[in-house]
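Here the structure is a predicted model, which means the values were calculated and not measured.
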Amino acid sequence: MLWSFLTPFLMLLVFTFVFGIVFKARWGDPNIKSQSLAEFALIMFSGQIAFQLFSEPVSRASSLIVSVPNFVKKIVFPVQILPVVVANATVFQTVVSCIVLCILSLVIKGSLPWTIVLIPFALIPMLLMGVGVSWFVSALGVYVRDINFVVNVFLQLLFYSCPIFYSVHSVPLKYQAFIAYNPLTPGIELIRSCLVLGVVPPVHTWIVGIMVGILVSIAGYAWFMMTKNGFADVL
């Protein structure tokens, strides 16, 4: 329990030091009045929380089925629920991170935005995408054992191509479409708006996020169930 609170806090300190102090980065959104280091840290941390909800189950998915061969070969067990179990554990860590951010926000700002009550709805798109990609990766990991190397590189590239440390408005105009159409961007913006900015997200942003999440989940689950029958032969 202690590490659940310490880990996000330490990560916040490290990234704030690197991006906020060393690189002197500030949030480049003209709609945000305050451009202080503390404000930048809170906004950045909210993006990290959103990305963690997606990346944590995906990073563990490649070895999820391979690590429990007995569940596949010796007993009748619905292995398709394993990615969901990992995602549920990630939700707990996300809630802890949100609590840490709220405490810091109270210390820095003296208040919390009322929009934090919308957080459960804001988490849904990222959670759906995380579970969907986990189904796909966990099934693929049975047949391609070194897929974990590809997944780690993919997550690193995705991490820096998401608006976590920077605003979409600070990206040069010709590249903004690339960031805006990133499938994770709506989910990140939803969580950031509710958790830090105190702004009710546009309905279309939530709808797009939900639709993308549902499509990814359906595709991932379909792939898992289609390949599931061959797991025992490979393991």
Side-chain angles (χ1 to χ4, degrees), residues 1-8 10-11 14-15 47-98 123-162 164 182-188 191 209-235:
M1 182 66 70
L2 178 62
W3 280 112
S4 297
F5 281 92
L6 279 179
T7 301
L10 292 174
M11 292 302 294
V14 170
F15 283 115
Q48 289 178 250
I49 293 173
F51 186 80
Q52 179 190 21
L53 186 58
F54 170 83
S55 65
E56 185 66 22
V58 173
S59 64
R60 296 174 56 184
S62 59
S63 60
L64 202 55
I65 308 299
V66 177
S67 62
V68 287
N70 291 336
F71 282 18
V72 178
K73 296 191 292 185
K74 295 186 178 181
I75 61 175
V76 178
F77 183 83
V79 288
Q80 62 269 22
I81 71 169
L82 292 178
V84 179
V85 172
V86 174
N88 286 337
T90 306
V91 169
F92 170 76
Q93 181 62 59
T94 301
V95 171
V96 171
S97 297
C98 287
L123 295 178
I124 293 174
M126 296 297 281
L127 185 60
L128 287 173
M129 282 188 281
V131 173
V133 176
S134 294
W135 270 320
F136 180 81
V137 173
S138 60
L140 191 61
V142 176
Y143 300 98
V144 185
R145 296 300 174 89
D146 55 354
I147 191 65
N148 60 308
F149 298 106
V150 178
V151 171
N152 290 334
V153 172
F154 168 74
L155 289 175
Q156 284 291 326
L157 293 174
L158 197 59
F159 183 72
Y160 290 103
S161 63
C162 290
I164 297 174
N182 184 323
L184 297 185
T185 296
I188 292 173
I191 294 173
I210 287 289
M211 289 179 62
V212 172
I214 291 175
L215 289 174
V216 171
S217 295
I218 292 174
Y221 184 77
W223 167 263
F224 189 97
M225 299 307 292
M226 183 177 66
T227 58
K228 177 184 174 184
N229 293 333
F231 288 176
D233 297 331
V234 177
L235 295 174

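Each of Ile188, Thr185, Leu157 was scored for a side-chain contact (heavy atoms from CB on, under 4.5 Å) with Cys162, with one residue passing: Ile188. Considering Ile147, Val153, Asn152 in turn, Ile147 is the only one that fulfils the side-chain contact (heavy atoms from CB on, under 4.5 Å) rule with Val150.
Of all the heavy atoms in Ala232 and Val72, the pair that sits closest is N-CG1, 3.7 Å. Between Val58 and Val151 the shortest heavy-atom distance is O-CG1, 3.8 Å. Across Ser97 and Pro8, no two heavy atoms sit closer than the pair OG-CB, 3.5 Å.
Outside the 6.0 Å centre-distance limit, the rings of Phe54 and Phe159 are not counted as a close aromatic pair.
Within a 6.0 Å sphere centred on CE of Met211, other residues, nucleotides and ligands contribute 12 heavy atoms or fewer.
Between Ile210 and Ile214 there is a side-chain heavy-atom pair separated by less than 4.5 Å. Using a 4.5 Å heavy-atom cutoff, the side chains of Leu128 and Val216 are not in contact. Looking only at side-chain heavy atoms (C-beta outward), Val142 and Thr227 stay at 4.5 Å or farther from each other. Two residues are said to be in side-chain contact when any heavy atoms from C-beta on lie closer than 4.5 Å; Ser161 and Asn182 meet this criterion. Using a 4.5 Å cut-off on side-chain heavy atoms (C-beta onward), Phe154 and Val137 make no contact. The shortest distance between side-chain heavy atoms of Val79 and Phe224 falls below 4.5 Å. For the pair Ile49 and Cys98, the minimum side-chain heavy-atom distance is below 4.5 Å.
Residue pairs meeting the side chain to side chain donor-acceptor pair (under 3.5 Å) criterion with at least one partner in residues 56-70, sequence neighbours excluded, are absent. The side chain to side chain donor-acceptor pair (under 3.5 Å) pairs that include a residue from residues 127-144 number zero, where partners must be two or more places apart or lie in different chains.
Taking CG from Leu140 and CG from Asn148, the interatomic distance works out to 11.0 Å, rounded to the nearest 0.5 Å. The CD1 atom of Ile81 sits 9.0 Å away from the CZ atom of Phe71 when rounded to the nearest 0.5 Å. The line from CD of Gln48 to CG of Leu53 is 14.0 Å long, rounded to the nearest 0.5 Å. Taking OH of Tyr221 as the reference point, atom NZ of Lys228 lies at 7.0 Å (rounded to 0.5 Å).
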### Task
Could you go through the side-chain contact (heavy atoms from CB on, under 4.5 Å) check for Met126 and Thr90 one step at a time?
CA-CA 11 Å; Met126 296 297 281; Thr90 306; over 6 Å; no

